[in-house]
Structures are given as C-alpha cells and as structure tokens.
Amino acid sequence: MKVKLIRGEWHRERSRRPFCNMSLNVNILLCLFLCGEVPGIQSFESVPWLPCQLVDERVTFNDEGHAETEYQHREAGLQFGHQGDSALNPNTITFLVTGSKVDMRKYIEGVVEHQLQCEIRRYSIEGLQMRWPGLGAQEHDIWFTCTLRHTDGVFVITSFLRHTPATPTPGQAHYRNWAAIADREALTTSTVMLVLTRSPSVRVGLVKQQSLHCQFDVDHKAANLTVEWRLQRRGERTTLFSHSSRSGQTEGGGVSLNGIGRGDASLTLPLTKQSSEGTYICLVSVPPLFGSHDITLHIMEPPRVSLNVDSTISLVDRGEQKVVCEAEGYYPLDVEMEWFREPSGGGGGLLPEKLDTVLYSSHRYHQDGTYSLSAFFLLHASLHDSGSKYFCRVSHSSQRMPIRKSFTLIVTEYDSWNSALWLFFGFGSILVMVAVLFVMLPRLSSGEHL
C-alpha cells in the first residue's frame, strides 16, 4: 500500500493494475484512425473513441476518524458523439463526451500510436457547491477530470467533464459521497473547460529568453476567470502574476492581458539565471473549477571542452609532457571527465584503456554562474605507444552524448649518436672560448691593444 496526504487527511493507494484487455476491434479502429488509414479522418478532431483509465476512489473512515481512499484503476474509454449514442466498446466504462464549444481533441498534436496516455479521475468541488454558469448545467452535477498526456512530454491537457446524473442526490459532488460507477456504465458528459501546456518540462541555458506555455478554453464567454503564475523553488512559493477578470486587478507581469482574452496565459520570463530554476505553476480558475499545470524549468549550460595540445603530439622516447583537458562554462555542477588511451590501429578490437593517473583541479565558479574543471596527466612517451590515440571524454546532463577531444601521440627514437656529437661540439666550443680568454686576458691587463 502507498500512503499519501490528500486534502489534509491520510489516503491509501493500491498498486496499479496494468491497463489491458481492451476490445480488439476498438483498438484496431483506433490504430486506423491514428495512422490515417480511415477515409475522411484527417485529424484527431474526427477520432470517435480513445482508451483511458478511470482512477476510481472509494473513501472509508478508520477508527481515528481519518478518511482513507483506495484508488482502483479501471478500464474506460472516451467516446465523442451525441447524447443517446450507443457505446462503441460496451465492455468498459464509457464517458460519452457530447457536443461542446470546448473540444480537447483539437489541441492534440504530434501524436502517433502508443504516444497518448488518457486518465480520468473524479473531481471534488468540496465547499463550492454551485451551478456551473455554462449552458445546461445543474446544481448537483458530478465532475471528472480527463488528462491527456504525450509520453514524450510534448503536451499535457486537462479537461473538466460535467455529468448530470439521472437522479440527482445532494452531496454527490463531494468526495465523501461519490456514487458508485458500474463496470459497463455509460456516463454522458460535456467538456466545459480545459487547461493545457506544451512545455511541461523545459531545459534552457543561462541569459536566455524563455516562454512557458499555458493555454485554456472555457465553454462560455465573460467567465469569472482568474489566472495566476507561481514559482516554487527550494520549499518557497512566490506569486509571479495574478489577474482577475471580475475585478480587473492585475499584479506582476510576463503575461499578456490581450493573450488571456484569447485563452493564452503563457508566461515570458526575464533573461534566465540560476535562480530561474524551479517549478512554475499555471493556475486557471472559473469557480467551481480550478485547473493547473506544473512546468519544470531546468537551467542547462553545456561545457566547452578543449585540450592544451594540438591534434598530434611529437615526442622523443622517454620524453614527457603535461596534457590538460579543460571543461568550461557548464551548469549545473555535476560533470564527469575521463581520459582514455586507444592503442594504435584500434588495439585489435580491445576497448580503450581508462587512465588511472589523472589528476583533477577543484571546480572553479564564475561570475555568470557557470563552472570549470580541469583533468590532466603527465604523458610519458615510449616507442610502443607511438600512434596511440588519447581522448578526453566529458559527460554532462546538458548533453545527450559525451563530448570527446583527442590527440595522437607520435614517438621518435632517442638518437644517442647525435646527442654525443652535440655534446662534443658543445664541449669543444667551451674549450676554445676558455683558450681565447686565457690568451687575451694578460694582454688586456698589460695595456696592449689589438
């Protein structure tokens, strides 16, 4: 069992069951729609059915009076059509989404088969028992949220579904009194509002202009609308922007009021810096509904990697040279630097050998918030290493693949004969100079002139 605190009380969650056993014919039909194999189907707006999971809740109270909720994952489907339509898949719970000005399907972009996740949950308007101001709403409507999520993080769409029960019962919209849903029940609903983001996770460099996407749609005009942006960072929450359509009051900046009128609540950030990192929360509320999306902003600055040597080093046998690999200007701090040696000719298929004599500098912090690190070793040249390739590999969270910088070592023989000749001529030159000085000094001291 998983235990978590919801609404200030302890709740219990059962382990998740795999979502499976959908009707084969319906899945084939969905695949054909997604792959564009059905004539006349040009976009997701024409798809009549989507497989979903209903995360259902059953609330009980323990001996201490605390509410405990069991979460049950049940097979369900979203069916788009008209009131009274028969269920396309009668073996599951069907949420029949009837005509509305708000259609979640038109916001689905860039999806292929298996990239769309659909989850439906109950939604409590606890403490806000009021009639939705849209057409056809009733005092005792029951609410659900439907979240469509792209598995690659392209978008997250949360829609609010309104269901009017055939026999209204006071308190059914409260989580303590939710009515049971049968396994093959069909519920007629209408989408009244949605909130979406196309940037659920953002990676951006330092000193960059960045916009965080947030969009909404409501089924009626002149809604009592409130838009807020908050930043949560290191346990602290700060309100960046707030606008109320009822009062006309606006605080903060970064969001266009004209954009809000078009359903665009995107936030434009100042030039990014380290303190820009955090979780940004876009909140859109039309009582009694409150929709929000968390957008995580990561500051990522890739390292600039360089070596202190050219692509080829020429040394004599037994020569030495210090080789330095420099990683500069990266953020965040975590970086991995390694040196490897690859024998001449690829080493017969052997893996490169990691050097164990590498030393590292301390991390150096720069005024722009980035870091630098050096990895170096003393290269001892030997003839059997001639032709070997040495490379520095730098791994950082800002890069999908490590950065490599390399050089090739060329080693020549130590020529002892030439060295002896140079020693002979050097020693002979010194003797000649000493002899000249020996002859000239007495004459200079006696005042003779040349």
**Message:** Testing I120, D141, V97 one by one against T189 for a side chain to side chain contact (heavy atoms under 4.5 Å, CB included), which residue passes?
**Reply:**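 Going through the options one by one, the only one that passes is V97.
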
**Request:** Quickly, which of E139, H140, Q138 forms a side chain to side chain contact (heavy atoms under 4.5 Å, CB included) with T164? Name it, please.
**Result:**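 When side chain to side chain contact (heavy atoms under 4.5 Å, CB included) is applied between T164 and each of E139, H140, Q138, only Q138 qualifies.
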
Side chains of [X] and [Y]: donor-acceptor distance under 3.5 Å anywhere?
X: Q215; Y: H213; result: yes
X: Y331; Y: H396; result: no
X: E251; Y: Q249; result: yes

So, do [X] and [Y] sit near enough that their side-chain heavy atoms are less than 4.5 Å apart?
X: L307; Y: V324; value: no
X: L78; Y: M104; value: yes
X: E277; Y: P332; value: no
X: R121; Y: E119; value: yes
X: S201; Y: H298; value: yes
X: T188; Y: T98; value: yes
X: Q209; Y: T272; value: no

**Asked** Do the side-chain sulfurs (SG) of C118 and C52 come closer than 2.5 Å?
**Response**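 The sulfur gammas are closer than 2.5 Å, so yes.
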
**Request:** Using the test disulfide bond (SG atoms under 2.5 Å apart), find all partners of C214 that sit at least two apart in sequence or belong to another chain.
**Result:**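 C214 satisfies disulfide bond (SG atoms under 2.5 Å apart) with C282 once adjacent residues are dropped.
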
**Request:** For residues 53-110, pull every pair meeting disulfide bond (SG atoms under 2.5 Å apart), keeping only residues two or more places apart or in separate chains.
**Result:**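 Counting only pairs at least two positions apart or across chains, no disulfide bond (SG atoms under 2.5 Å apart) contact touches residues 53-110.
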
**Asked** In terms of the angle between their ring planes, are H150 and F155 parallel, tilted or perpendicular, with boundaries placed at 30° and 60°?
**Response**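 If you compare the ring of H150 with that of F155, the planes turn out perpendicular.
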
**Parallel, tilted or perpendicular: ring planes of Y390 versus F407, cut at 30 and 60 degrees** =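 The arrangement is parallel - the two ring planes meet at less than 30°.
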
**Request:** Sorted by first residue and then second, give each salt bridge (charged side-chain N to carboxylate O under 4.0 Å, His left out) pair with at least one member in residues 196-224; sequence neighbours left out.
**Result:**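 Pairs touching residues 196-224 that pass the test: E109-R198.
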
**Item:** Pair listing, salt bridge (charged side-chain N to carboxylate O under 4.0 Å, His left out) test, anchored in residues 350-372, at least two apart
**Value:**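 Salt bridge (charged side-chain N to carboxylate O under 4.0 Å, His left out) check on residues 350-372 returns E326-R364, E338-K354, R341-E353.
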
**Prompt:** Restricting to pairs with a member in residues 258-296, which pass ring pair (Phe, Tyr, Trp, His ring centres under 6.0 Å), not counting sequence neighbours?
**Reply:**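 Non-adjacent pairs meeting ring pair (Phe, Tyr, Trp, His ring centres under 6.0 Å): zero.
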
**Prompt:** Within the side chain of W132, is there an N or O that forms a donor-acceptor pair under 3.5 Å with the backbone of P287?
**Reply:**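 Checking the backbone N and O of P287 against the side chain of W132, no donor-acceptor pair under 3.5 Å is found.
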
**Message:** Quick check against the 3.5 Å criterion: does S100 have a side-chain atom that pairs as donor or acceptor with the backbone of T191?
**Reply:**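 Here the side-chain-to-backbone pair exists.
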
**Test salt bridge (charged side-chain N to carboxylate O under 4.0 Å, His left out) applied to E328 - qualifying residues, sequence neighbours left out** =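 Here no residue qualifies.
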
**Prompt:** Between D103 and R105, does at least one N-O distance fall below 4.0 Å, as a salt bridge requires?
**Reply:**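 Yes, D103 and R105 are salt-bridged.
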
**Request:** Check whether the ring centres of F340 and F391 lie less than 6.0 Å apart, and answer yes or no.
**Result:**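 Judged by ring-centre distance (under 6.0 Å), F340 and F391 do meet the cut-off.
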
